[in-house]
Amino acid sequence: MQNYKYISLITLIGILTLFSCNKNEIEVVPDQDFNENWLFLKDTIPNGETIALDDSSWRTLNLPHDWAIEGPFDKKNNARNGGLPIDGIAWYRKHFTIDSKYQNKHVSIEFDGVMDNSTVFINGHNVGERHYGYSGFEYDLTPFIKFGENNVIAVQLAPEILSERWYPGAGIYRNVRLKINENVHIPQWGTFITTPKVTSDMAEVNIETKIKNTTNKTQEVVLETTILDTKNTSVAVSSKKITLSNNAQDKQTQVINVPNPLLWDIGKPNLYKAISRIKIDNVLVDEFETEFGIRTIAFKKEGFYLNGKAVELNGVCMHHDLGPLGAAVNYRATERQMQIMQQMGANALRTSHNPPSTELLQVCDRLGIVVIDEAFDEWKEAKVPNGYHKYFDQWAETDLRDMIKRDRNHPSVIMWSIGNEILEQGKKDGWKIAKMLNDICHNEDNSRPTTAGFNYYPASFVNKLAHQIDVVGVNYKPAYYGEIREQNPEMIFYGSETSSQTSTRGYYDLPLDSDVKRETRQVSSYDVTVGPPWAYSPDVEFAAQEANPHSLGEFIWTGFDYLGEPTPYGGRDNSTNGYWNDDWPSHASYFAPVDLCGFPKDRFYLYQSQWTTEPMVHVLPHWNWEGKEGQTIPVYAYTNCDEVELFVNGKSFGKKIKGKDLTDVFTEYRGFKDSGYEFKKGIYKSKYRLSWNVPYQPGSIKVIAYKNGKEIVSKEIKTAGKPAKIKLIADRSSIDADGKDLSFITVRIEDKDGNLCPNADNLVNFHVKGAGVLEAVGNGNSASLESFQENFIKAFYGQCLLIVKSTKDMGEIHIEATSKTLDSDSLTIETK
Ligand code: GAL
């Protein structure tokens, strides 16, 4: 068995024919990718699990699949959930045969997540139910499999509306694997690796391995564990003889020393592998691979330490959807999101507010990003009518243990979060649940601390809920960091959710104003208007973190815009039982510094100016203010250099010094104690932005940034002429021919000289041919009801996005983009 090493059925059959086993060998069958050729029907049908059911008219598709992203958008679906059809009964079925030579083996199926309320049947037998769509699970199919004959796996899903406060997606939206094992094998999540002692000469690697014996006899086995370094060279081996009782599971610990370890670190993510082999009479019966890292973590009241070095957490919270791709997991889309976050300077992620995909943790392991792995948004108290509170009593322990067992080998994971803004914070006995969950985390893994995000302050401290966990997260409370420290001198804490500023890429309101305009459904990218009452601009948090260096850092809400929760367009309304009455057609968030397509908004550069050191400067707004000639336009610059000089049409408007020259931001910190807010406007003097007021004349604005008096970096925006042409820019021009890999193509509307037309909204048509398919389109407009799955979309403030996916054919993908009045553009992507 190999952990997360997928192999298709076809490859498998190929390998098996090549590999005829001799007498002393047992075929160790790798886990099989079980995603292809499922049948799908979104309907309530009686006996959908029966083998004989005629499913010949059902739609054929490959997993992972999110039916809701196919749309259409509709107000009745509830904007909180993205306005997409996430609910209803649906069935997935798959017919398959397993060669009769596997007759005596152990067969199981592993789902990484099914959204949600799933029941799985094999050949008509119910093998299990799971409610929480984010949990992974495995079912033993052995007793029901008919070897050499047709078998049918059927999965019924029954997701409900308002099961979350955001867009959950719907369907078998994560990967599925079929496993064929010997009856003595390492089960699901069978290893647990920690590195309790690390020096530059030696790392002590502690490996717990589970071994399952489903036979009726005692077995004498050897467990052999080999450590491979970053170059796949074996650096240490340990082997152990074990007697396994019949029909039992055993757990063995091995301590293996790795000399001169290469540490896993932020930006330097060295990864090792443990290969666990089980042998009986010297014959290999199972092989299991675990990727891990060697690193130490320490949480002190002064800060967070990785490998003994203090690290400020510049973190982002993220929901799990992938924008226009919906919730269906895709490795490349996930990797791209986190690469964009790294470019902004983020080094940490909070998987708000649920267990993430395994792929996300793999990406963070491989990019060197630390992670808070979060379990729940609700305990027993409801936030939404069909939320997790319905399942908490019966499932919370299982879901939490499963999350930890699944995720505890990822070096990126540094804390377990037992909840976000759970409403028990306000209840006298809320601490009891916190203690129960905290104890479960420590029981499954005592190498990492627990945490939670509290928005009720001081209620959650008064009722001692905050004291049940190891590291306290506070949401939207920068004004109280000093007080928290003073009153709780030993407490380790951080900003688990910060800012919640809202804005729209490319949209600027003038004159500057603190009000969100309802009619536009867009929020100004000057980032002086903030949105909901608890929000405040990033500047306020920067200052609070500086003033409270003992805080571990912050996690902004959010890194990427996400589907659902279209704040600030919507609000609480008593006519809907206090649930959100959203402001249709807004159906996606406006919170992030990056839009739904992954295009940076101006705020991205504000974070970059605080979180990165590679010299940068950014200037805003655009310079197309037709009709405003002679009027005053505010110009902002964000930099990590010492000072910036602004030139308008070649004329200097002077230098401004970062940290000294202040910019007015219409945001006073408005988060008050507990859940009360005061709706008052205020002016905050920010030392993180530089600004000028200049008269508008078409031409250009240019900023030059200086360090130690030397010109270091510059940026210029020119007034664009009329939209003339389309420009396509692929993030990668060569992708894998695996039927999964993606190329993200930025589509720009430019004038004849190549300047971005900042107000262009031309409709663009796409023609994709050859070794790839059009997977999705998007434009980052949270109020647009355009489909993500058509071969056309309108540009939004000059840009839109095309996502193409490879097929399994090697060759070329030919892409052409056309628009009525514009010159078209084309490009070719190679698939290998
Ligand atoms: C927080 C909550 C998040 C999100 C955010 C929006 O209170 O934890 O899930 O709703 O507000 O600002």
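As the structure is a prediction and not an experimental result, all values here were calculated from the model. Whatever order the structure lists ligands and atoms in, that order sets their numbers, starting from 1. Worth knowing before you read on, the calculation uses all heavy atoms, side chains too, and leaves out hydrogens, waters and symmetry mates.
For a threshold of 3.5 Å applied to N or O pairs, the pair formed by His319 and ligand 1 contains no separation below that value.
Among protein heavy atoms, atom 10 (O) of ligand 1 sits closest to Glu565 OE2, 2.5 Å. Looking at atom 9 (O) of ligand 1, its nearest protein heavy atom turns out to be His353 NE2, 2.6 Å. Of the protein's heavy atoms, Glu497 OE1, 2.8 Å lies nearest to atom 1 (C) of ligand 1. Looking from atom 6 (C) of ligand 1 to the surrounding protein, the closest heavy atom is Phe591 CZ, 3.3 Å.
Put simply, the residue from Lys477, Lys301, Arg485 that forms a side-chain contact (heavy atoms from CB on, under 4.5 Å) with Phe493 is Arg485.
Partners of Glu424 by salt bridge (Lys or Arg N to Asp or Glu O under 4.0 Å), not counting sequence neighbours: none found.
Within ligand 1, the atoms closer than 4.0 Å to a non-hydrogen atom of Trp557 are 3 (C), 4 (C), 5 (C), 6 (C), 9 (O), 12 (O), numbered from 1 in the order shown. For ligand 1, the atoms lying closer than 4.0 Å to a non-hydrogen atom of Ser500 are 6 (C), 12 (O). Counting atoms of ligand 1 from 1 in the listed order, those under 4.0 Å from a heavy atom of Glu421 are 1 (C), 2 (C), 7 (O), 8 (O).
With Lys383 contributing its side chain and Tyr388 its backbone, the two residues share no donor-acceptor pair below 3.5 Å. A donor-acceptor contact shorter than 3.5 Å is absent between the side chain of Asn420 and the backbone of Asn354.
The closest approach between Asn455 and ligand 1 stays at or above 4.0 Å for every heavy atom of the residue. For the pair Trp166 and ligand 1, no heavy-atom separation below 4.0 Å is found.
Residue pairs meeting the salt bridge (charged side-chain N to carboxylate O under 4.0 Å, His left out) criterion with at least one partner in residues 448-469, sequence neighbours excluded, are Asp445-Arg448.
Under the 4.0 Å criterion applied to side-chain N and carboxylate O atoms, Arg350 and Glu497 are assigned as salt-bridge partners.
The heavy-atom pair separating Arg336 from Gly598 by the smallest distance is NH2-CA, 3.9 Å.
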